[in-house]
Amino acid sequence: MPRSPAPLPVVPPEEGQRFRRRLHAWYRRHARDLPWRRTRDPYRILVSELMLQQTQVSRVLDFYHRFLARFPDLSSLAAARPQRVREAWAGLGYYARARNLHALARQVTAADGAIPDTPEALQALPGVGAYTAGAVASFAYERRAALVDTNVARVLHRVFAPEVAPKSGRGLKALWAIAEQLLPRTGRASWTHNQALMELGALVCTARAPKCGACPVRQGCRSVDAVPGRPRGPGDEPRATPPRAGVRSRRRSGSPPA
DNA sequence: AAACCGGGGCA
DNA sequence: TGCCCAGGTTT
């Protein structure tokens with residue numbers, strides 16, 4: 001029997017629209033002013049995204065400014081010696097990212113010098129995976145591209161798909177499918193939508209102690225709805241235990257609820 | 001699909 | 001010490 005492919009989750013269009021609206025209204029009021037949100041320069045977006053891989057925003061800020069002062073554009077980076085690039089990265093950690101960025105700069109410079117604008121082409125570059133490819137397409141070129149990073153994965157998991165295992169291959173595929181269904185119609189709107197999704201995960205729908213009381217999309221969140229008996233008012237205290245999306249009573253299959 | 005990789009901060 | 005962070009690459 002050929003194993004039937006697990007059906008990907010479907011988000012009803014109306015539900016998606018309501019989600020987008022509330023998310024956007026929240027973002028307009030709470031978005032942080034981050035330097036890479038003030039530019040569409042593909043090079044600068046690329047630098048920010050590589051620095052931000054597995055690294056918190058607060059720790060990237062200083063490095064970002066210093067790096068760009070040292071290497072203002074792609075060609076200056078491509079022309080630099082590896083040693084200089086490594087120095088500019090010193091302290092940030094994950095130094096393979098610096099090598100990847102440098103290799104990328106040289107590779108693109110050796111070609112036509114243009115950073116690609118589609119996720120497919122971007123993903124062929126060193127150090128650029130599915131997330132970063134979507135991020136550059138969306139944030140630099142304002143293309144209508146989906147992206148799923150750890151923040152987005154957590155938000156979508158909790159709100160729309162608590163039943164999937166978010167770290168598994170299938171779970172991630174499901175979350176990407178949801179992310180694509182949620183995309184607004186235009187690339188311009190997608191830029192804001194994607195930023196907002198990530199911002200919500202970073203500021204409200206956090207890994208530990210999520211601020212559900214301050215969440216613009218808690219109504220309709222399948223993880224919050226799954227936790228009864230907790231009337232949470234605005235600005236509520238961090239929960240001792242996160243919603244643990246998808247834990248409808250963590251029962252090993254077989255032991256029925258008492 | 002799962003394993004592995006790799007820095008640093010903070011509870 | 002363990003978990004988390006705007007993941008990617010390799011097996």
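As a basis for the values below, the full set of heavy atoms in this structure was taken, side chains included, without hydrogen atoms, waters or symmetry mates.
Between C/dA6 and B/dA2, the two P atoms lie 24 Å apart (nearest whole Å). Across C/dG8 and B/dG9, the matching P atoms stand 23 Å from one another, rounded to whole Å. Between the C1' atoms of B/dC5 and C/dC5, the separation comes to 15 Å (whole Å).
At a threshold of 4.0 Å, the pair A/Glu15-A/Arg18 does not count as salt-bridged, since none of the basic side-chain nitrogens sits closer than that to a carboxylate oxygen.
Among residues at least two apart or in separate chains, ring-ring contact (aromatic ring centres under 6.0 Å, His included) pairs with a member in residues 160-187 of chain A are A/Phe19-A/Phe160.
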Exercise for review: Treat primed atoms plus P, OP1 and OP2 as sugar-phosphate and everything else as base, then score nucleotides 2-11 of chain B 5' to 3': B for base contact with protein heavy atoms under 4.0 Å, S for sugar-phosphate contact only, - for none.
Suggested key: S---BBSS-S
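Atoms CG (A/Asn151) and C1' (C/dG7) sit 12 Å apart, rounded to a whole Å. Across the protein-nucleic acid pair, A/Leu203 atom CG and C/dC5 atom P stand 12 Å apart, rounded to whole Å. Here C/dA6 presents its P atom at 12 Å from CG of A/Leu61, a figure rounded to the nearest Å. Regarding A/Leu197, its CG atom lies at a distance of 12 Å from the C1' atom of C/dA6, rounded to whole Å. For the pair A/Tyr64 OH and C/dA6 P, the computed distance is 17 Å after rounding to whole Å.
When side chains are defined from C-beta on, A/Val85 counts as touching A/Phe71, because their heavy atoms get closer than 4.5 Å. The side-chain heavy atoms of A/Gln219 and A/Arg22, taken from C-beta on, include a pair separated by under 4.5 Å. Side-chain contact check for A/Tyr27 versus A/His193: every heavy-atom pair is 4.5 Å or farther apart.
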What are the atom names and distances for every N/O pair under 3.5 Å that joins the protein to nucleotides 8-10 of chain C?
residue : atom : partner  : partner atom : Å
C/dG8   : OP1  : A/Gly129 : N            : 2.7
C/dG8   : OP1  : A/Thr132 : N            : 3.1
C/dG8   : OP1  : A/Thr132 : OG1          : 2.5
C/dG8   : OP2  : A/Ala130 : N            : 3.4
C/dG8   : OP2  : A/Tyr131 : N            : 3.3
C/dT9   : OP1  : A/Gly127 : N            : 2.7

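Partners of A/Glu142 under the side chain to side chain donor-acceptor pair (under 3.5 Å) rule, at least two apart in sequence or in another chain, are A/Arg40, A/Arg188. Among residues two or more places apart in sequence or in another chain, the side chain to side chain contact (heavy atoms under 4.5 Å, CB included) test is passed with A/Ala179 by A/Ala146, A/Val148, A/Leu156.
A/Leu34 comes within 4.0 angstrom of a nucleotide base, judged by non-hydrogen atoms across all strands.
Of the residues in residues 36-52 of chain A, not one places a heavy atom less than 4.0 Å from an atom of DNA chain B.
In this structure a side-chain-to-backbone donor-acceptor pair under 3.5 Å is missing from A/Arg86 to A/Ala98.
Cation-pi contact between A/Arg70 and A/Phe67: absent, since separation from the ring centre below 6.0 Å together with deviation from the ring axis within 45° is not met.
For the atom pair CG of A/Leu50 and CD of A/Gln53, the computed distance is 4.5 Å after rounding to the nearest 0.5 Å.
Between the side chains of A/Asn100 and A/Arg97, not a single donor N or O lies within less than 3.5 Å of an accepting N or O.
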